[in-house]
Amino acid sequence: MYLALLGMALSLALAPMAFSENAGFSKFVEAKSTICFPLELTFKRPSGVVATKLPAVTFSHGQHATLACADCHHMWDGKGPVESCNSDGCHDVMDSRQDTMSYFKAYHSKDAAYSCLGCHMKMNQERKEHGKEVLKLSPCSNNICHVAQK
């Protein structure tokens, strides 16, 4: 198990070096495909989204490495580029929090497995059943997502 975790960590650490299809890593390796994604990112609210005083959300792909990409990027076909949640035709409704296609619901839908909140709520249910500590989801002002600034 330790070797598998070490392998995953090294894979994630080296992923930014992969810039494009058929990238050359070594004269002894021919890469048929590569991955490139930010290991850590901060979500900045797009214009038109209802403003709040909550801190921006910082996200780590490394902490979510046990999930398949399509678990969150649920419209991704596994081949083309991964689109942003607020791309045209996806969660591009900015001025509503109730619309299922709103930018807000992409992250905060309690019923959707691809949503951050939906996934974390399901995870908390499983953690409770196994007697484990749950993730702090509320209050929103200082939870695992919107971490209060020190």
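Residue numbers count from 1 along this sequence.
Looking at every heavy atom in both residues, S115 comes nearest to S109 through OG-O, 2.8 Å. Closest approach of F104 and S96 over heavy atoms only: CB-O, 4.3 Å. For the pair C145 and N143, the tightest heavy-atom approach, listed with the atom from each and the gap, is N-OD1, 2.8 Å. Looking at every heavy atom in both residues, K105 comes nearest to Q98 through CE-O, 3.8 Å. A pairwise comparison of heavy atoms in P46 and N86 identifies CG-ND2, 3.4 Å as the closest pair. Closest of all the heavy-atom pairs between N124 and L135 is OD1-N, 2.7 Å.
How far CG of D111 is from NZ of K122: 13.0 Å, rounded to the nearest 0.5 Å. The line from CD1 of I144 to OG1 of T58 is 12.5 Å long, rounded to the nearest 0.5 Å. Distance NZ/K53 to NE2/H146: 15.5 Å, rounded to 0.5 Å. Put simply, NE2 on H74 and SG on C85 are 7.0 Å apart, with the number rounded to the nearest 0.5 Å. Taken to the nearest 0.5 Å, the SG atom of C72 stands 7.5 Å off from the NE2 atom of H61.
Open room surrounds CD on E133; 12 or fewer heavy atoms of other groups in view lie less than 6.0 Å from it. Within 6.0 Å of CG in D77 there are more than 12 heavy atoms belonging to other residues, nucleotides or ligands. Enclosure of atom NZ in K136 by more than 12 non-hydrogen atoms of other residues, nucleotides or ligands within 6.0 angstrom is indicated.
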Start with the C-alpha distance between M75 and Y114, add both sets of side-chain angles, then the distance that settles side-chain contact (heavy atoms from CB on, under 4.5 Å), and finish with yes or no.
CA-CA 10 Å; M75 298 302 290; Y114 60 79; over 6 Å; no
How far apart are the C-alpha atoms of E83 and D88, what are their side-chain angles, what is the distance that settles it, and do they pass the side-chain contact (heavy atoms from CB on, under 4.5 Å) test?
CA-CA 9 Å; E83 297 288 332; D88 288 340; over 6 Å; no
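Using a 4.5 Å heavy-atom threshold, the side chains of S60 and L39 count as separate. L137 has its side chain out of reach of M123: every pair of non-hydrogen atoms, C-beta onward, lies at least 4.5 Å apart. Considering only heavy atoms from C-beta on, M121 stays 4.5 Å or farther from Q125 through its side chain. At a threshold of 4.5 Å between non-hydrogen side-chain atoms, the residues V50 and R45 do not count as touching.
Between H91 and Y107, the ring centre distance reaches or exceeds 6.0 Å.
Side-chain heavy atoms closer than 4.5 Å link hydrophobic residues (I, L, V, M, F, W, Y) into clusters, and following such links, possibly through other members, connects L41 to Y103.
Side-chain N or O atoms of H108 include none that pairs as donor or acceptor with a backbone N or O of L117 at under 3.5 Å.
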